[in-house]
Amino acid sequence: MNGDIAVFAGSSNKQIAEEICTHLNIQPGKINLKKFSDGEIAVKIEDNVRGREVFIVQSTSAPANDHLMELILIMDALRRASVSSISVVIPYYGYGRQDRKVEPRVPISARVVADLLEVVGLNRILTMDLHADQIQGFFRVPVDNLHFAPVLADYINTKNIEDLVIVSPDSGGAERARAFGKKVNGSLAIIDKRRPKANVSEVMNVIGEIEGKNCILLDDMIDTAGTICKAADALLKHGAKSVYCAATHGVLSGEAVDRINATNFTEVVLANTIAIPESKKIHKLKSLSVAPLFANAIKRIHTNQSVSTLFD
């Protein structure tokens with residue numbers, strides 16, 4: 001890569017930003033991030049970036065509000081430093097689950113975040129596995145939504161798992177599971193969750209043949225892990241030989257890690273879109289890096305090539 005491009009890392013996931021820079025054969029941009037005693041965020045860009053094409057790497061993961069505000073301030077600092085363009089690389093797009101009105105008097109938070117970023121000024125968004133595809137339409141600038149599935153499929157195929165079934169933990173993820181099944185030669189099953197009445201625990205019904213099979217529970221994110229752990233228990237109860245857990249984003253809030261460690265997963269596979277702190281130890285975790293995919297996308301954006309051909 002030439003000197004016309006610069007990559008700056010916010011504080012949310014410096015590791016993936018450094019990996020991206022390694023694949024691009026450049027040094028991360030120098031930036032000073034700190035907080036005042038009252039919690040306000042201070043940003044200073046320490047490189048000369050005038051006229052350069054700039055990429056900012058920042059997942060808006062927990063603490064989501066701090067990381068979002070930090071991203072906005074980095075964008076403003078770069079814009080005022082006269083960069084030629086700003087592309088925001090958001091491996092995990094926070095607030096993505098609030099993408100529509102599901103009841104009266106609630107915000108569409110994913111749209112609000114899009115408006116905030118556009119007001120500050122940006123030229124492009126590069127992200128991965130948005131919770132809902134329609135979020136791309138909340139932006140007026142181009143959005144490249146990369147996919148973890150090819151990286152995950154390559155890993156699963158190296159394991160040569162026989163009698164494989166891809167399981168969606170709910171009906172909403174059935175299309176994702178079906179598409180992934182084609183990549184790894186796996187059949188499809190769906191967990192049907194029902195609550196018979198108030199204050200009665202959920203009943204997990206399994207739609208599909210899973211007895212004696214090796215199952216991969218597939219989702220776009222794991223937050224509290226309640227649903228996916230109950231789904232794993234239901235699969236094992238119905239005779240599954242083994243259960244793998246696979247997801248793009250490891251949000252892992254609340255008691256998620258304890259729930260996962262208490263569940264008999266053969267392996268838990270996550271992308272590194274969110275940095276998992278040392279305090280959250282998942283016993284059977286396999287982290288797959290998506291930095292090469294982001295680096296290739298950045299190269300293609302910089303050279304005006306198609307990003308979608310990465311998935312052909």
Worked check of salt bridge (charged side-chain N to carboxylate O under 4.0 Å, His left out) between Glu211 and Lys241 = CA-CA 7 Å; Glu211 187 173 356; Lys241 186 177 180 180; over 6 Å; no
key: Common cluster, Ile26/Val54, ILVMFWY with side-chain heavy-atom separation under 4.5 Å   = no
inquiry  = Tell me whether Ile90 shares a hydrophobic cluster with Val119, the cluster being built from Ile, Leu, Val, Met, Phe, Trp, Tyr side chains joined at under 4.5 Å.
reply    = no
task = Test side chain to side chain contact (heavy atoms under 4.5 Å, CB included) on Phe148 and His249 and set out the steps.
result = CA-CA 10 Å; Phe148 179 49; His249 310 298; over 6 Å; no
Among Ile20, Ile16, Asp129, Leu152, the one residue meeting side-chain contact (heavy atoms from CB on, under 4.5 Å) with Val290 = Ile16
ask   = Should the heavy atoms of other residues, nucleotides or ligands under 6.0 Å from CD of Glu162 be counted, would the total exceed 12?
value = no
message = Other residues, nucleotides and ligands only: do more than 12 of their heavy atoms fall within 6.0 Å of NZ on Lys286?
response = no
request  = Report, as yes or no, whether the 6.0 Å neighbourhood of atom CD on Gln15 holds more than 12 heavy atoms from other residues, nucleotides or ligands.
outcome  = no
Side-chain (Asn261) to main-chain (Lys281) donor-acceptor, under 3.5 angstrom = yes
ask   = Is the backbone of Asn160 close enough, under 3.5 Å, to the side chain of Asn157 for a donor and an acceptor to pair up by distance?
value = no
message = Rounded at 0.5 Å granularity, tell me how far OG in Ser168 sits from CG in Asp219.
response = 7.0 Å
query = For Asn185, does the CG atom have more than 12 heavy-atom neighbours from other residues, nucleotides or ligands under 6.0 Å away?
reply = no
ask   = side chain to side chain contact (heavy atoms under 4.5 Å, CB included) between Leu270 and Ser287: does it pass, once the steps are laid out?
value = CA-CA 5 Å; Leu270 298 173; Ser287 179; 5.7 Å; no
request  = State, yes or no, whether a side-chain contact exists between Ile31 and Lys44 at a heavy-atom distance under 4.5 Å.
outcome  = no
Interatomic distance, Asn214 atom CG to Ile161 atom CD1 [nearest 0.5 angstrom] = 6.5 Å
ask   = Would a line drawn from the ring center of His147 to the ring center of Phe311 be shorter than 6.0 Å?
value = yes
message = Walk me through whether Arg79 and Asp76 qualify under salt bridge (charged side-chain N to carboxylate O under 4.0 Å, His left out).
response = CA-CA 5 Å; Arg79 185 174 59 83; Asp76 187 68; 2.9 Å; yes
message = Using only atom types and a distance under 3.5 Å, with no angle test, would you say the side chain of Ser59 pairs donor to acceptor with the backbone of Ala275?
response = no
request  = Could you walk me through whether Met69 and Ile41 pass the side chain to side chain contact (heavy atoms under 4.5 Å, CB included) test, one step at a time?
outcome  = CA-CA 8 Å; Met69 191 65 192; Ile41 297 166; 4.1 Å; yes
request  = Could you tell me the separation between the CD1 atom of Ile222 and the SG atom of Cys245, rounded to the nearest 0.5 Å?
outcome  = 3.5 Å
4.5 Å side-chain heavy-atom contact, His23 and Phe294 = no
Shared hydrophobic cluster, Val143 / Phe55 (ILVMFWY, side-chain heavy atoms < 4.5 Å) = no
request  = List the steps, then state whether side chain to side chain contact (heavy atoms under 4.5 Å, CB included) holds for Leu68 with Val113.
outcome  = CA-CA 8 Å; Leu68 178 59; Val113 171; 4.0 Å; yes
task = Using modelled atom types only, decide if a donor and an acceptor are shared between the side chain of Gln58 and the backbone of Ser12 within a distance under 3.5 Å.
result = yes
ask   = Crowded around Asp133 CG? As in, over 12 foreign heavy atoms under 6.0 Å?
value = no
request  = Take Glu118 and Arg140 through the test salt bridge (charged side-chain N to carboxylate O under 4.0 Å, His left out) and record every step on the way to the result.
outcome  = CA-CA 8 Å; Glu118 287 200 330; Arg140 298 175 189 86; 2.7 Å; yes
query = Taking everything shown except Glu255 itself, do over 12 heavy atoms lie less than 6.0 Å from its CD?
reply = no
ask   = Is it true that Ile274 and Leu288 fall in one hydrophobic cluster, defined by side-chain heavy atoms closer than 4.5 Å?
value = no
query = Between the side chain of Arg259 and the main-chain N/O of Thr224, is any donor-acceptor distance below 3.5 Å?
reply = yes
query = So how far is it from Ile72 CD1 to His67 NE2, rounded to the nearest 0.5 Å?
reply = 13.0 Å
Ser84: partners by side-chain hydrogen bond (donor to acceptor under 3.5 Å, both in side chains), with sequence neighbours left out = none
ask   = Do the side-chain N and O atoms of Ser11 and Glu70 include a donor-acceptor pair separated by under 3.5 angstrom?
value = yes
task = Apply the test salt bridge (charged side-chain N to carboxylate O under 4.0 Å, His left out) to residues Arg111 and Asp115: give CA-CA distance (whole Å), side-chain angles for both, the deciding distance (0.1 Å), then the verdict.
result = CA-CA 6 Å; Arg111 175 58 192 266; Asp115 288 344; 2.9 Å; yes
task = To the nearest 0.5 angstrom, please state how far the CD atom of Gln27 sits from the CD atom of Glu18.
result = 9.5 Å
key: Worked check of side-chain hydrogen bond (donor to acceptor under 3.5 Å, both in side chains) between Asn145 and Thr127   = CA-CA 5 Å; Asn145 184 29; Thr127 187; 5.0 Å; no
message = Side chains of Thr266 and Val243, heavy atoms from C-beta outward: is any pair under 4.5 Å?
response = no
key: Flag, side chain of Lys284 to backbone of Phe265, donor-acceptor distance under 3.5 Å   = yes
message = Can a donor-acceptor pair be found, under 3.5 Å and without considering hydrogens, that links the side chain of Arg300 to the backbone of Val307?
response = no
message = Between Ile216 and Val167, is there a side-chain heavy-atom distance shorter than 4.5 Å?
response = no
ask   = Is the shortest heavy-atom distance from the side chain of Ser85 to the side chain of Arg124 under 4.5 Å?
value = no
query = Under a 4.5 Å side-chain heavy-atom rule over Ile, Leu, Val, Met, Phe, Trp and Tyr, are Leu71 and Val43 clustered together?
reply = yes
inquiry  = Strictly distance-based, threshold 3.5 Å: is any side-chain N or O of Asn123 a donor or acceptor partner for the main-chain N or O of Ile86?
reply    = yes
request  = Taking atom types as modelled, find out whether His131 and Asp220 have a side-chain donor-acceptor pair closer than 3.5 angstrom.
outcome  = yes
message = Just verifying a value: how many Å separate Ser61 OG and Tyr93 OH, rounded to the nearest 0.5 Å?
response = 14.0 Å
message = Using modelled atom types and a 3.5 Å cut-off, is there a donor and acceptor pairing between side-chain atoms of Asp38 and backbone atoms of Glu40?
response = yes
inquiry  = Checking Ser87 against Glu53 for the side-chain hydrogen bond (donor to acceptor under 3.5 Å, both in side chains) test, could you report, in this order, the C-alpha distance in whole Å, the side-chain angles of both residues, the deciding distance, and whether it holds?
reply    = CA-CA 8 Å; Ser87 296; Glu53 183 179 7; 4.9 Å; no
query = Taking C-beta and beyond as the side chain, do Gln305 and Lys299 meet within less than 4.5 Å on heavy atoms?
reply = no
Ionic contact status for Lys183 with Asp154, cut-off 4.0 Å = no
request  = Run through Ile125, Ile301, Asn13, Ile298 and flag the one making a side-chain contact (heavy atoms from CB on, under 4.5 Å) with Val89.
outcome  = Ile298
key: Ala256 to Asp223 - nearest heavy-atom pair and separation   = CB-O, 3.1 Å
ask   = When you measure from the side chain of Lys280 to the backbone N and O of Leu252, does any donor-acceptor pair fall under 3.5 Å?
value = yes
